[in-house]
2 protein chains.
Amino acid sequence: MKPKIEDVAKVAGVSPTTVSRVLNNRGYIGEKTRKKVHKAMEQLNYFPNEVARSLFIKKTFLIGLIFPTTSNPFYGQLIFHLENIAASQGYKVLLCNSQGREDKEKNYLKMLQRNQVDGIIAGAHNKGIEEYEIPNLPVVGVDRYLSNKIPVVSSDNYLGGKQATQLLIDKGCKNIIHINGPISLETPANLRRKAYEDVMRANQLTPLTYEIDDHFTIIKQLFEENPQVEGIFASDDLIASRVMREAKDRNINIPTDLKVVGYDGTETTRLLLPELSTVQQPIKEIAEKAIELLVKQMDDKDDDIQLETILPGKLIEGETTGD
Amino acid sequence: MKPKIEDVAKVAGVSPTTVSRVLNNRGYIGEKTRKKVHKAMEQLNYFPNEVARSLFIKKTFLIGLIFPTTSNPFYGQLIFHLENIAASQGYKVLLCNSQGREDKEKNYLKMLQRNQVDGIIAGAHNKGIEEYEIPNLPVVGVDRYLSNKIPVVSSDNYLGGKQATQLLIDKGCKNIIHINGPISLETPANLRRKAYEDVMRANQLTPLTYEIDDHFTIIKQLFEENPQVEGIFASDDLIASRVMREAKDRNINIPTDLKVVGYDGTETTRLLLPELSTVQQPIKEIAEKAIELLVKQMDDKDDDIQLETILPGKLIEGETTGD
DNA sequence: AATTATATGTCAACCGGTTGACATATAAAA
DNA sequence: TTTTATATGTCAACCGGTTGACATATAATT
């Protein structure tokens, strides 16, 4: 019922080989013939079957994206750019939301291999680190170290962490606390914490880091245990937002009594919380670089592929750190 | 180089037909043979080629999702749920961000047909309305009327608009303005405006609606042209956020001088702007229903498919409408 | 006139997996 | 002993499209 090449050939009055020649613009083709074939395709509403074609050419033009969720502003924006750039280069994107679960991540990896994807870009939780080392399959990590053979792209987390901490110090804060995710995750974002600690020590100040859990209850605890806190550097904007909310609930004035800096600076955050000082990640550039590295590996040019790409973010000073 | 069934057969010491029988659990299979085959698959790191299989069984288990962007909180969350539910039922998701562009939307439709997807869920801008009426291809619309033959799922926009407007009236507002997107888009969200207008007239109040553009400049204009405005019902939370920001810049106190209600109530918005009163859409339920309707069509049971599904939202009263 | 280029057709193998029909051998049940 | 069930193998066609080799016919160039 669905038209195939044979059907197009019959309607156009040519051979199936000629239709294939027209489809692929290969060999000699007369203009009259070409027009007849295109007209027949339109008339039949014929679409070449990419499944059959992929089987033969051994290429699917599929890229698998494995990230925790599209529901988070950072990942949502990153995935948007990745899909957009991939599509503009003729690739199709298979979306895999791993929800930070190792079992789902592994299942997605298997699914992507069964579906013969041309490459994978991943920025999800990972424990069993070897799963990503698939022979002859290009992989790029975003904000995650997947293997010492897999290129990774991230923002300059150290510099960002440094800038955020330095801003709070420059604004007069001495009692500064950092909130980050679990350090057990192998992510370049851990450098934000490292930078915070280094800058604090360089200024003869005592670093103190809280590890966030899923329910932000640690924030209440932070305020209870440190009523004298003057500055908070949160390792992402959602955490920063909860900090601000908790502070408001406790009648702590921002920025007079407490200064806050976040991280990510996504479009959504900048729209919903424009007053937040933050380190804005170069999300579009990260996406561009990730696709570039992936395509480079696909083209079998992985001799000179740089393993780590660090792209600079931008410190945005908002009202939450004072004027 | 990549192992195929023949290779697995050789290592296991059986025939390729037996390997296929094991893969598909079809026909008689001895337990010892089954174990030998599985061991060989593991040893060779063999993954069945779903491309070859799809060609034969004429099913790809692919679902195409066409939405404007993953970068928007509502779409990001909706796409997250859609992918999650699809994956749990063995489907794979092809992500298509149309960015509200008709040309991209059409290209994605073609791409999805070429790639033999089993179905499409779309919630994007649409003009050329016939493109979605593809013979024998299940399609479901979310928040978009795609055709009078294609089922659509949405929240109860009318009730939500009614609740939002009524809340502002109940809080004492008489001068209430509504901000919505372009009415030329065929979307059930237009019912939010209809409800606003109906409720205003039912209360002997004069409705006034502003159509948002891409740059929110209309919001400045709204305040300039209506300095006496007391309540604003924005048809999504991002617009509401900008309204609040503009009010703050003009030293208009929320909620004392101006009450604001938004729409969507996504996780991200609730986290970044918890004080906002909003009508929360049942995003997860919308996703569940959309997948259910799509799978129903795939199973060729579209005799009794309901064409319109309206799911109730929930009015959340926050601080932006007073106590 | 001879040679080369253009245009289209025929044929068959291939891409990897599925599957039905039928064959053969062994084991279990009647 | 006969019949039925279990287990595995062989074979080939199919899914839709690609493509090279070669054939035939016509047109253009030398």
Side-chain angles (χ1 to χ4, degrees), chain A residues 1-41 44-62 110-118 136, chain B residues 1-41 44-62 110-118 136:
Chain A
M1 56 186 78
K2 199 182 282 183
K4 42 195 184 185
I5 278 193
E6 279 175 38
D7 303 312
V8 176
K10 275 181 180 142
V11 168
V14 299
S15 76
T17 303
T18 296
V19 176
S20 184
R21 284 188 181 124
V22 171
L23 273 173
N24 295 287
N25 202 26
R26 198 179 52 86
Y28 294 112
I29 309 166
E31 272 315 301
K32 278 173 78 172
T33 299
R34 193 191 296 276
K35 283 191 172 86
K36 278 199 297 182
V37 168
H38 279 295
K39 189 173 176 180
M41 287 183 195
L44 292 168
N45 195 36
Y46 167 80
F47 283 94
N49 186 325
E50 287 292 329
V51 174
R53 184 165 195 274
S54 294
L55 184 59
F56 183 80
I57 68 175
K58 292 174 184 268
K59 206 169 159 50
T60 57
F61 293 96
L62 281 173
K110 285 173 178 165
M111 179 273 275
L112 293 175
Q113 288 185 83
R114 289 199 302 275
N115 285 270
Q116 312 298 307
V117 299
D118 292 347
N136 300 313
Chain B
M1 53 188 79
K2 197 181 280 185
K4 43 196 185 185
I5 278 193
E6 278 173 39
D7 303 311
V8 176
K10 271 178 185 151
V11 168
V14 298
S15 74
T17 303
T18 297
V19 177
S20 185
R21 285 190 180 120
V22 171
L23 275 172
N24 295 287
N25 201 26
R26 199 179 51 87
Y28 296 111
I29 309 165
E31 271 316 298
K32 279 173 77 172
T33 299
R34 192 191 297 275
K35 283 193 171 87
K36 279 197 301 183
V37 168
H38 278 295
K39 191 172 175 181
M41 288 182 196
L44 292 169
N45 196 35
Y46 167 80
F47 285 93
N49 186 324
E50 287 291 328
V51 174
R53 185 166 194 274
S54 294
L55 182 59
F56 182 80
I57 66 173
K58 293 175 181 264
K59 208 169 158 52
T60 57
F61 293 97
L62 282 172
K110 286 173 179 166
M111 179 273 274
L112 293 175
Q113 288 185 83
R114 287 197 304 274
N115 285 271
Q116 313 296 307
V117 299
D118 293 348
N136 300 313

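Order of the sequence lines fixes the chain letters, A, B, ..., with proteins taken first and strands second; residue numbering starts at 1 for each chain. If you're wondering where the values come from, they're calculated on a predicted model, not measured in any experiment.
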Sequence neighbours excluded, which residues qualify as side-chain hydrogen bond (donor to acceptor under 3.5 Å, both in side chains) partners of [X]?
{"X": "Thr60(B)", "result": "Asp118(B)"}
{"X": "Asn115(B)", "result": "Lys92(A)"}
{"X": "Thr18(A)", "result": "Ser15(A)"}
{"X": "Gln116(B)", "result": "Lys2(A)"}

Looking across every strand, which nucleic acid part, if any, lies under 4.0 Å from Thr18(A) by heavy atom: base, sugar-phosphate, or nothing?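 The answer is sugar-phosphate, as Thr18(A) gets under 4.0 Å only of primed atoms, P, OP1 or OP2.
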Applying ring-ring contact (aromatic ring centres under 6.0 Å, His included), name anything that partners Phe61(A), two or more places apart in sequence or on another chain.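 ring-ring contact (aromatic ring centres under 6.0 Å, His included) check on Phe61(A) returns Tyr91(A).
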Can you pull every protein N or O that's under 3.5 Å from an N or O on nucleotides 4-6 of chain C?
residue, atom, partner, partner atom, Å
dT6(C), OP2, Tyr28(A), OH, 2.7

Do Tyr46(A) and Val19(A) touch side chain to side chain, with heavy atoms closer than 4.5 Å?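 Not in contact.
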Taking the side chain as every heavy atom from C-beta outward, state whether Val22(B) and His38(B) have any atom pair closer than 4.5 Å.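 With C-beta onward as the side chain, the pair touches.
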Mate of dG16(C) where both pairing distances stay under 3.5 Å, Watson-Crick or G-U: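 Result: dC15(D).
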Give me, pair by pair, the N or O atoms of the protein and of nucleotides 26-30 of chain C that are less than 3.5 Å apart, along with how far apart they are.
none

With salt bridge (charged side-chain N to carboxylate O under 4.0 Å, His left out) as the rule and sequence neighbours excluded, what pairs involving residues 8-34 of chain B come up?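 Non-adjacent pairs meeting salt bridge (charged side-chain N to carboxylate O under 4.0 Å, His left out): Glu31(B)-Arg34(B).
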Contact string for nucleotides 11-19 of chain D, one letter per nucleotide 5' to 3', B = base within protein heavy-atom range under 4.0 Å, S = sugar-phosphate only, - = neither, reads B--BBBBBB
Which residues satisfy the salt bridge (charged side-chain N to carboxylate O under 4.0 Å, His left out) test with Lys35(B), sequence neighbours excluded?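 Testing Lys35(B) for salt bridge (charged side-chain N to carboxylate O under 4.0 Å, His left out), a comparison that skips the adjacent residues, returns none.
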For Lys36(B) and dA7(D), give me the distance from atom NZ to atom P, rounded to whole Å.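 Going from NZ in Lys36(B) over to P in dA7(D) covers 13 Å.
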Other residues, nucleotides and ligands only: do more than 12 of their heavy atoms fall within 6.0 Å of NZ on Lys39(A)?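 For Lys39(A), atom NZ is not crowded (no more than 12 foreign heavy atoms under 6.0 Å).
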